[in-house]
Amino acid sequence: MADRGRPVLYTIPAHRAFADALAAGLLAQHGREDGGLALARGIILLPNNRAVRAVRDAFVRASGNGLLLPRLVPVGDIDLDETLGNALAPIGAEADIPSAIAPAERLMILTRLVREQRARAGERLEIGEAWRLATALALALDQLTVERKGPGDLKALQPDDQSAHWQKAFGEFEALADAWQRALAARGCIDMAERRNRLLDHVAARWREAPPGRFVVAAGIVTNAPAVAGLLRSVARLPRGMVVLPDLDLNLTSEQWEAIGPVKAPEPGAPLPPPAQESHPQFALKLLLERMDVHRDEVALWRWGSEHDARAARGKAISNALLPPLLTGIWPDVPAAQRSLKDVRAIEAANPAEEAQAIAIALREALEIDGRTAALVTPDRALATRVSAHLRRWGVEADDSAGRPLAQLAPGTLLLALAQAGAEQFAPIALLSLLKHPLVRAGETRLPWLEQVRGLDLALRGPRPPAGLAGIAALLEAPEGRNRELRNELRPWWREVAALLAPVEQAFAQDRPLPELFAALREVASVLTNERVWAGHQGHAAAQCLGEAEAAAVHGPPIADPPGFVGMLAQILAAQAVRPPQGGHPRLQILGLLEARLQQADLMILAGLNEGVWPGLPSPDPWLAPRIRRALGLPGLDYRIGLSAHDFANGLGAPQVILTRARRDASAPTVASRFWLRLKAMTGERWVQDSRLVALAQAIDRPDAPALAYAPPAPRPPAEARPTRIAVTDVDRLRADPYAFYASKVLRLSALDPVDADPGPAWRGTRAHDVLRRWMEEGSHYPAHLAALAREMIEEAQAHPLLKALWQPRLLAALDWVAAEVAAQRETGRNILFGETRGEIERSGVTLHGTPDRIDRLADGSIAIVDYKSGATATTNQVRAGYSLQLGLLGLIAQEGGFSAFVEKGTAVSAFEYWKLSKDARTGDFGFKRPMTDAKGAHKRIVTDEFLPLVAGFFDEAAALWLTGDEPFSARPHSDAPVFTDYDQLMRLDEWFGRGGRPGGAHG
């Protein structure tokens, strides 16, 4: 062994730009040695490929001209799930290390093992949940491998003090770990983490025995896995080796350093020590030094820097701000200079939209200074996407280098939409989401395709049709219903679409082998998009991801349930990050926390500083209890918080720093990040809150004051455009909201039913009316026949079984009351005369028409108007105010001979009744009558003889104003009138309602 014994370690503090300082130091040491060839022969071990790019760029900046770079080798970071760089392969080529199992194959096998285990316990686990548990199982197995914990360590544990749940989970974990090792042995493979351990061990051993004849530097590595720590230990002791750590805090006193807590795992069977401060930013580095057998006092300060460094005082302030919790009591005694964060500003926005706009303005301002660089660092990918979109308004491209999950990109959303449509048997919403996807029929055929899809959208409005592609075909071929002409036009097109989607329907009709589901997705996605789904860097990523999953599916569960498959596919796609190709603005970056390591810009914006975002919420382990993880020496749930705290400290070291957060997110108020609160508490009155950028963000999209006051619309169409026919149901709308009547009858705009609508009160009322109509038409007024018709209607209705079960007893009870009431009235000489027949009269220069639910002949020869109601009924006060005139207008039509086939002109109308099909609050029974009039006006009802003249006067007034006159159709002229909301957006209600607007602002 030829090491020098004394380790050589340095640290570059947070206030220095790591990559630039490293490059400057290595150029100073080796740049002129052997004519520069010594630098080219050197080896620099870096944590990942992104660090390689950062250091390479730093060398180019520092050299000022061309040079031969040293060998930059990414050793791989277990947190980034990156394999070792190819540059290390020759070093360890002679090692007899088995190949690693493919990640997709591994997860498929683990999913099968989890599902089989639950099946033996009598639990049927859907494949999506099995995949989630398998992913967590793979992570736990990796952590055990990284920490060099084997089956013996598991068996040495006695989790008897755990709850029954955790004991059961631990037993299942042990069994699955054994089964996994047997599966690996059968394939002659090992885990990727195990292969990484062996390769690093081999390299470390080889260098100890035969040190390379060149300098070797391990820089920027914070991963404290035993294999990595062993390699760094060897590098630090090489004759020409050194380790350069990022931001090891040398400002902490010995007491403060020890307060971070113990880092060694307890011996098996030994009592657990007090928990360490894993959330502290220095915990990971302390554990790394412990495993390298190095004391913090042996680490020297790297003496080189660069022009991108901040003030040295910044490092001391960062150290004080992030002290362990029990030591923050010293803050009041810390000198002001050591708790000052000069050139650090804070932005507290109202919401994420305002935060993103303020950040974009700050980045754009930075570009105004020649040569200045700026970077946004945030774990919030939605915020990063917003900022990138805002920057495009100035023509600045700055894509999020952390990438976006494939599940959020066009190829991924198409695959998910296709799987979801198949799993839901092509329910309307899922089907339309698929057919409207931007990749479907992209290109020249896109516009004709969308025209047909929009027609299908109209045809699918209302309750859900029968399931499957055949159900859609049956809806389009039905002889009855709305949009008959449109449905006829759609039939040929739909037959072609159904043929395209048939493979997915067949594959997703029932539980199927997993490879068949993947194959159906791939085949139909290709046909629907003319292969465009696989084009571009996003499409290539989707093709690779789906191809690997399909190839590995033969090793997974033999049978998959379609709904669970959708959840599984979503997890597969969400785990695949797709990074944009190179080519953004050269001085601007948007980075995630991992991408930002070793990176620094002149302006660093640390954004999304809310609890749950930065730091993020810890992910619980479903297999190993926290106490068991501590006993095994595995990272606790707070370990990642410590890493994010270290990332935060590194970001604070830039020359100029902006911290941002939003006071609330899309759903609720937020809690400021613990890092934000620590800085604010430590700096006190020196905390700099920057309101200027927030003001600019608010002002940039604020419209100028309107030249005219807001006013409600009041169109005044010419006489020939005004309707000459009006239904009794439209008179209320005309009087209460003339603009709504104008939009409906003049513009002929009607509100659309929702797609896949739940059968609501209006739908139930219509169905109840249909049953009563058939009952009257068939002439059988027996209760049993009415109940039979109702049961037949409910059975044929396309509604959720739960809704049917809840509605049927209520409807039958109400209809039984109707039948009983009709039978009782027949004894008094009152009989049903007719119902559901249209009548009309000419009055006030227009045609008034309507269809009554029922008209009865009373014993004295007069008639009664009956209206069935399943919802709210009109009140006498509304009628007196000129609204809810339907009953009276039907009586007027009857009295003036509008139903001449049944009622003679001049026949007296002596009763106006609502027959309610809902529950009577007084008796609790379903079904009751509510008369609107009384011969003497008793119970505050309208006097019967005064009712028709009152209604006629209101109608004549409305007809004279809006139908035969030239009165404008004003929007919402009466605040006490019934509200019709279908046209609120068309009338731009929010622009004038409650702002002092007056009718007459917009004429048509």
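Computed from a predicted structure; not experimentally measured.
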Is Arg843 reaching over with its side chain to a backbone N or O of Asp956, donor-acceptor style, under 3.5 angstrom?
-> no
Under a 4.5 Å cut-off applied to non-hydrogen side-chain atoms, are Pro723 and Trp962 in contact?
-> no
With rounding to the nearest 0.5 Å, note down the distance linking OG1 in Thr876 to NZ in Lys940.
-> 8.5 Å
CG (Leu963) and CG (Leu734) are apart, to the nearest 0.5 Å, by 5.5 Å
Measure the CG-CG distance between Leu749 and Asp982 for me, rounded to the nearest 0.5 Å.
-> 11.0 Å
List in chain and number order the residues that pass salt bridge (Lys or Arg N to Asp or Glu O under 4.0 Å) with Asp934, two or more places apart in sequence or in another chain; answer none if no residue qualifies.
-> none
Are the side chains of Gln420 and Ser433 in touch, meaning some heavy atoms are under 4.5 Å apart?
-> no
Salt bridge or not for Asp925 and Lys919, using N-O below 4.0 Å?
-> no
In this structure, are over 12 heavy atoms from other groups packed under 6.0 Å from Arg118 atom CZ?
-> yes
Answer with yes or no whether the side chains of Thr933 and Arg941 bring together a donor and an acceptor at under 3.5 Å.
-> no
Asp856 and Ile863, any side-chain heavy atoms less than 4.5 Å apart = no
Ring centre gap for Tyr914 and Tyr868 strictly below 6.0 Å = no
Are any of the side-chain heavy atoms of Leu917 and Val818 separated by less than 4.5 Å?
-> yes
Side chains of Leu889 and Phe955: does their closest heavy-atom pair fall under 4.5 Å?
-> yes
Is a donor on one side and an acceptor on the other found under 3.5 Å between the side chain of Arg826 and the backbone of Asn831?
-> no
Check against side chain to side chain contact (heavy atoms under 4.5 Å, CB included), Thr907 and Gln895 = CA-CA 5 Å; Thr907 301; Gln895 190 178 61; over 6 Å; no
NZ (Lys916) with more than 12 external heavy atoms under 6.0 Å = yes
Go through the steps to decide whether Met987 and Arg972 satisfy the test side chain to side chain contact (heavy atoms under 4.5 Å, CB included), and finish with yes or no.
-> CA-CA 10 Å; Met987 67 175 66; Arg972 301 277 181 91; 4.2 Å; yes
Going by heavy atoms in the side chains, are Val504 and Phe426 under 4.5 Å from each other?
-> yes
Verify, without hydrogens or angle tests, whether Glu505 (side chain) and Leu469 (backbone) share a donor-acceptor contact under 3.5 angstrom.
-> yes
Electrostatic pair Asp561:Arg115 at N-O distance under 4.0 angstrom = yes
Taking Asp732 for its side chain and Ser884 for its backbone only, find out whether a donor-acceptor pair lies under 3.5 Å.
-> yes
Gap between atom CG of Leu858 and atom CD of Gln825 - 0.5 Å precision = 8.5 Å
Quick one: do the Thr847 and Glu840 side chains pair a donor with an acceptor below 3.5 Å?
-> no
Heavy atoms only: give me the nearest Ala467-Gln425 pair and the separation to one decimal.
-> CB-OE1, 3.8 Å
Which heavy-atom pair separates Ile841 from Leu892 by the least distance, and what is that distance?
-> CD1-O, 4.2 Å
Would you name the heavy atoms of Leu517 and Ala560 that are closest together and state the gap between them?
-> CD1-CB, 3.8 Å
Could you check Phe947 against Phe912 for side chain to side chain contact (heavy atoms under 4.5 Å, CB included), going step by step and ending with a plain yes or no?
-> CA-CA 9 Å; Phe947 188 53; Phe912 301 86; 3.5 Å; yes
Pair Trp493-Leu456, side chain to side chain contact (heavy atoms under 4.5 Å, CB included): steps then yes or no | CA-CA 10 Å; Trp493 172 80; Leu456 182 64; 4.0 Å; yes
Within a reach of under 6.0 Å around NZ of Lys929, are more than 12 heavy atoms found that belong to other residues, nucleotides or ligands?
-> yes
Leu460 versus Ile472: any side-chain heavy-atom pair under 4.5 Å?
-> yes
Cationic tip of Arg854 above Trp915 ring, under 6.0 Å, 45° of axis = yes
Can you tell me how far CG of Leu772 sits from CG of Leu815, rounded to the nearest 0.5 angstrom?
-> 5.5 Å
Determine whether the side chains of Thr875 and Asn877 contain a donor N or O and an acceptor N or O closer than 3.5 Å.
-> no
Are the side chain of Arg733 and the backbone of Pro738 linked by a donor-acceptor contact shorter than 3.5 Å?
-> no
Heavy-atom check, side chain of Ile855 versus side chain of Ile832, under 4.5 Å = no
Minimal non-hydrogen separation, Leu569 against Ala419, with atom names = CD2-CB, 3.9 Å
Does Ser862 reach the main-chain N or O of Asp860 with its side chain, forming a donor-acceptor pair under 3.5 Å?
-> no
Ignoring hydrogens and geometry, is there a side-chain-to-backbone donor-acceptor pair from Thr724 to Val846 under 3.5 Å?
-> no
Between Tyr739 and Tyr983, does a ring-ring contact (aromatic ring centres under 6.0 Å, His included) hold up when you go through it step by step?
-> CA-CA 8 Å; Tyr739 184 86; Tyr983 304 99; 7.5 Å; no
Check the angle between the aromatic planes of Phe741 and Phe969 and answer parallel, tilted or perpendicular using the 30° and 60° thresholds.
-> parallel
CG of Leu890 to CG of Asp867: how many Å apart, nearest 0.5 Å?
-> 7.5 Å
Any Lys/Arg nitrogen of Arg491 or Glu477 sitting under 4.0 Å from an Asp/Glu carboxylate oxygen of the other?
-> no
Are any side-chain N or O atoms of Trp992 and backbone N or O atoms of Arg988, one a donor and one an acceptor, separated by less than 3.5 Å?
-> yes
Is a salt bridge present between Lys436 and Asp457, judged by a nitrogen-to-oxygen distance below 4.0 Å?
-> yes
How close do Ala478 and Arg487 get, heavy atom to heavy atom, and via which atoms?
-> O-NH1, 2.7 Å
Salt bridge flag under 4.0 Å for residues Glu913 and Arg830 | yes
Glu123 atom CD, neighbour heavy-atom count above 12 within 6.0 Å = yes
So ring-ring contact (aromatic ring centres under 6.0 Å, His included) across residues 884-903, not counting sequence neighbours, yields Phe834-Phe899, Phe834-Phe902
Locate the shortest heavy-atom distance separating Ala874 from Gln878; write the atom from each residue and the value.
-> CA-OE1, 3.4 Å
Is Arg495 reaching over with its side chain to a backbone N or O of Leu490, donor-acceptor style, under 3.5 angstrom?
-> no
With a 3.5 Å cut-off and no angle check, do the side chains of Trp494 and Glu496 form a donor-acceptor pair?
-> no
